[in-house]
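Beneath this line is the structure, given in structure tokens, with notes to follow.
Just the heavy atoms: all of them, side chains too, but no hydrogens, waters or symmetry mates, feed the values below. Owing to the predicted nature of the structure, the values given are computational and were not obtained by experimental measurement.
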Amino acid sequence: MIKKLITLGVLCIVATVNGQQKLPVYLDNSKPVEERIEDAVSKMTVEEKIAMIHAQSKFSSPGVPRLGIPENWMTDGPHGIRSEVLWDEWDQAGWNNDSCIAFPALTALSATWNREMSALYGKSIGEEARYRNKNVLLGPGVNIYRSPLNGRNFEYMGEDPFLAGQMVVPYIKGVQGSGVAACVKHFALNNQETNRHTVNVNVDDRALYEIYLPAFKAAVQEGDAWAIMGSYNKYRNQYNCHNEYLLQDILRKEWGFNGVVVADWGGANDTKQAIFNGLDMEFGTWTDGLSKGEKNVYDRYYLANPYLRMIQSGEVGTKELDEKVRNIMRLAYRTTMNPNRPYGSFGTQEHALAGRKIAEEGIVLLKNTGNVLPVDVNKSKKIVVIGENAIKMMTVGGGSSSLKAKYEVSPLDGIKNRVGKDAEVVYVRGYVGDASGDYNGVVSGQNLKETRSAAELKAEALNAAKGADVVIFVGGLNKSDFQDSEGRDRKELDLPYNQSDLISALAKVNKNLVFVNISGNAVAMPFVTQVPSIVQGWYLGTEAGNALAAVLFGDVNPSGKLTFSFPVKLSDNPAHSVGEFPGTKDVNYTEGIFVGYRWHENKKIKPLFPFGHGLSYTTFKYGAVTLDKKQVTKDGKVTVSVKVKNTGKREGAEIVQLYIADVKSSLPRPVKELKGFEKVNLKAGEEKTVTFTIDKTALSFFDDKKHEWVAEPGDFQAIIGASSQDVKGTATFTLK
């Protein structure tokens with residue numbers, strides 16, 4: 001039994017064991033936090049410290065009850081708060097009050113190009129985590145989109161390190177404002193699911209620093225992230241959950257990170273490396289402790305009894321252990337031991353509407369010819385909806401981000417909600433993809449089994465389409481294995497289940513066809529010239545159908561833009577052209593810094609849809625690009641401005657993108673690189689000036705020989721675009 005007394009700012013813990021009251025233990029809470037941490041560490045036994053640095057259940061680690069230090073409770077994100085599982089099993093706990101709001105996948109969030117939406121997302125999901133008494137949210141993910149076949153891309157923020165860094169910072173601040181640590185993942189170079197537990201990544205330092213680390217650096221230095229999760233894979237032949245170069249040299253020493261490093265579940269592999277190479281908290285390690293004589297399976301973890309025995313034998317000291325405990329105590333004072341921590345809220349309409357707003361801003365209009373969109377219900381009295389993804393729940397599945405959502409509005413229901421009695425909505429299946437509906441015990445409750453043949457379903461779809469005013473095909477990928485799913489990479493760029501053939505056939509019988517691609521990845525579209533309107537619909541969460549319908553029917557003017565390139569064919573992607581994907585024992589990032597649009601522009605390859613692309617129901621006109629000065633000193637500060645006018649008939653938002661080009665460099669550089677963006681809302685006829693201020697960080701490359709960032713004197717171009725390929729204007733300046 002433990003009694004707590006609060007007197008004069010001092011927390012007094014009175015322990016009673018077997019009826020015998022022990023002397024009280026005091027933690028002095030009147031001192032600064034760092035002094036309190038030292039006080040706590042000095043009062044702990046070695047056994048208590050060892051207990052703190054590894055799990056005690058699937059999602060928790062112990063505190064020190066004797067000192068009033070609470071447990072740490074983790075929850076999977078980053079799109080919603082995972083339902084409760086049993087203490088020592090992955091099976092569902094069977095609670096009836098843990099159904100969350102499912103937020104859009106991070107690909108959809110990043111496609112908003114809106115920092116305010118990222119802050120709203122973080123605040124909302126942070127409140128949900130806090131209400132459920134979690135103090136660490138396992139997300140967001142910022143691994144770079146290297147290949148469209150990576151099964152986990154839907155959890156990340158695209159191919160550009162600057163954009164990912166800009167979007168992750170407000171998310172972190174939103175989460176942590178709710179008293180919950182954001183655990184940014186997966187650090188680092190986790191770009192494939194195949195062989196993810198064993199593959200060793202070979203990448204040059206320049207690509208590491210310019211492409212794969214900047215978003216993590218922004219999370220640490222600008223977002224002040226309180227936790228980082230290591231990745232499963234190896235780098236320099238050392239597992240990343242205890243990788244000396246990544247965790248000690250870069251994360252701690254170069255970036256000054258003072259939070260906790262958490263191992264991904266099963267990511268720890270060696271006790272001595274875990275001790276010395278920067279891992280603080282070990283979770284989910286797959287060890288069979290019970291058969292080896294331990295009383296508790298968790299005592300078998302690398303940072304459990306094996307570590308304790310090394311200390312007791314004198315093989316290692318306690319310096320590293322104390323540092324780990326300090327980091328965990330810092331986490332506690334930021335979350336569970338913060339007296340001003342807010343209470344949070346869960347499953348609210350406010351959060352659902354926040355998710356809907358984010359979804360509406362993230363939907364991307366890829367193509368729109370023939371005035372099919374927005375759908376006018378005054379003219380379109382019969383709307384035929386085709387495709388399994390129009391009815392399939394997408395909050396369930398995909399891996400650890402699988403959610404037990406409070407509700408999910410399907411695209412079909414969203415369309416019906418919007419149309420009401422103004423038009424007839426007919427649904428036909430069209431194709432059968434994945435009829436299952438459960439993952440880790442989370443069951444959708446849907447029965448999507450189909451006994452008819454593919455030929456029968458196709459004939460039904462074509463027949464229905466012939467008599468429709470508008471046909472909306474809702475297809476794409478899903479969250480089953482080998483699609484958008486943790487642990488399994490995709491096998492091909494093509495749409496599964498013969499969807500492309502069906503879409504081409506539909507385009508021949510009805511010219512008013514809309515293709516809505518539900519996915520977190522690029523897909524091949526051999527039918528692209530046949531279909532007048534194409535929409536990238538992502539995984540949009542609880543309010544998916546309502547958000548999608550709002551865009552399709554013009555209640556919301558689409559303003560999202562792509563955060564990764566859509567290649568025409570797989571060989572147009574550098575990882576599949578000159579690099580390797582997926583790797584087996586090793587994977588070589590031979591393409592170096594030329595990822596995504598950097599590769600396409602360097603090799604003059606035309607993508608299906610370029611990075612930064614997205615259309616609107618209105619039009620925008622850009623003015624001339626102006627600079628505040630043509631020559632800048634060594635700080636490289638220059639202000640770039642451009643006027644943007646809404647020349648259409650309705651209000652809309654444009655994402656103005658600033659790219660920088662180094663005219664002449666001693667090292668190979670991309671044609672241009674994103675270094676600024678701003679989302680500007682404009683009423684019909686309205687004009688605004690968009691201004692960017694950059695410094696030499698926007699002009700620099702990483703010199704791996706000197707191991708430093710270098711901005712070389714010479715000419716640079718400030719390039720304004722509506723996408724990476726839709727250049728609106730250029731201005732040149734010189735760095736002295």
Test item: side-chain donor near acceptor, Asn296 and Asp299, under 3.5 Å: no
Regarding Tyr298 and Asp88, is there a side-chain donor-to-acceptor distance under 3.5 Å anywhere? yes
Can Asp224 and Arg330 be counted as an ion pair, charged N to O under 4.0 angstrom? no
Of the non-hydrogen atoms in Cys241 and Gly267, which two are nearest, and what is the gap between them? CB-O, 3.3 Å
Calculate, to the nearest 0.5 Å, the distance between atoms CG and CG belonging to Leu138 and Asp264 respectively. 8.0 Å
Any ion pair linking Glu315 and Lys272 (charged N to carboxylate O, less than 4.0 Å)? yes
Is a side-chain donor-acceptor pair under 3.5 Å present for Asn588 with Thr590? no
For Glu84 and Lys134, run salt bridge (charged side-chain N to carboxylate O under 4.0 Å, His left out): C-alpha distance rounded to whole Å, both residues' side-chain angles, the deciding distance at 0.1 Å, then the answer. CA-CA 11 Å; Glu84 300 296 333; Lys134 313 299 182 183; 2.8 Å; yes
Just jot down the ring pair (Phe, Tyr, Trp, His ring centres under 6.0 Å) partners of Tyr212, sequence neighbours excluded, or say none. Tyr589
Nearest-0.5 Å distance that lies between atom CD1 in Ile53 and atom CG in Asp280: 8.5 Å
For the pair Arg146 and Asp489, evaluate salt bridge (charged side-chain N to carboxylate O under 4.0 Å, His left out) and give the outcome as yes or no after the intermediate values. CA-CA 12 Å; Arg146 180 173 177 257; Asp489 289 320; over 6 Å; no
Look up atom CD in Gln312 and atom CG in Asn305, then write down how far apart they are to the nearest 0.5 Å. 8.0 Å
Can you name the ring pair (Phe, Tyr, Trp, His ring centres under 6.0 Å) partners of Phe564, sequence neighbours left out? Tyr145, Trp538, Phe566
Report yes if the distance between the aromatic ring centroids of Trp265 and Tyr232 is under 6.0 Å, otherwise no. no
Non-neighbouring partners of Tyr209 that pass ring pair (Phe, Tyr, Trp, His ring centres under 6.0 Å), sequence neighbours left out: Phe702, His707
Interatomic spacing from NE2 in His186 to CZ in Phe216 - rounded to 0.5 Å: 8.5 Å
Return yes if some donor-acceptor pair links the side-chain N/O of Lys696 with the main-chain N/O of Thr633 below 3.5 Å, else return no. no
Audit row: Glu155, Lys185, side chain to side chain contact (heavy atoms under 4.5 Å, CB included) steps and yes/no: CA-CA 10 Å; Glu155 292 188 49; Lys185 61 185 187 183; 4.0 Å; yes
Before you tell me yes or no, could you show the steps for Glu38 and Arg326 under salt bridge (charged side-chain N to carboxylate O under 4.0 Å, His left out), namely the whole-Å CA-CA distance, both residues' side-chain angles and the distance that decides it to 0.1 Å? CA-CA 7 Å; Glu38 293 304 319; Arg326 287 187 189 100; 2.6 Å; yes
If you round to the nearest 0.5 Å, how far is CG of Asp39 from NZ of Lys31? 6.0 Å
Residues passing the ring pair (Phe, Tyr, Trp, His ring centres under 6.0 Å) test with Phe677, sequence neighbours excluded, are Trp113
Evaluate whether atom NZ of Lys675 has more than 12 neighbouring non-hydrogen atoms of other residues, nucleotides or ligands under 6.0 angstrom away. yes
Verify, without hydrogens or angle tests, whether Asp484 (side chain) and Gly520 (backbone) share a donor-acceptor contact under 3.5 angstrom. yes
Asn190 side chain to Asn143 side chain, donor-acceptor N/O pair below 3.5 angstrom: no
Nearest atoms (heavy-atom pairs only) where Ile69 meets Met329: CD1-SD, 3.6 Å
Is it true that Arg236 and Asp205 make a salt bridge, defined as a side-chain N closer than 4.0 Å to a carboxylate O? yes
With sequence neighbours excluded, what pairs up with Thr271 under the side-chain hydrogen bond (donor to acceptor under 3.5 Å, both in side chains) test? none
Tell me the closest heavy-atom pair linking Glu127 and Ser178, and the distance in Å. N-OG, 3.4 Å
Separation of Tyr333 OH from Leu331 CG (nearest 0.5 Å): 12.5 Å
For residues Asn150 and Asn191, is any side-chain donor paired with an opposing acceptor at under 3.5 Å? no
Scan for side-chain hydrogen bond (donor to acceptor under 3.5 Å, both in side chains) pairs involving residues 159-169, sequence neighbours excluded, and state none if there are none. Arg115-Gln166, Glu159-Ser565, Asp160-Tyr597, Asp160-Arg598
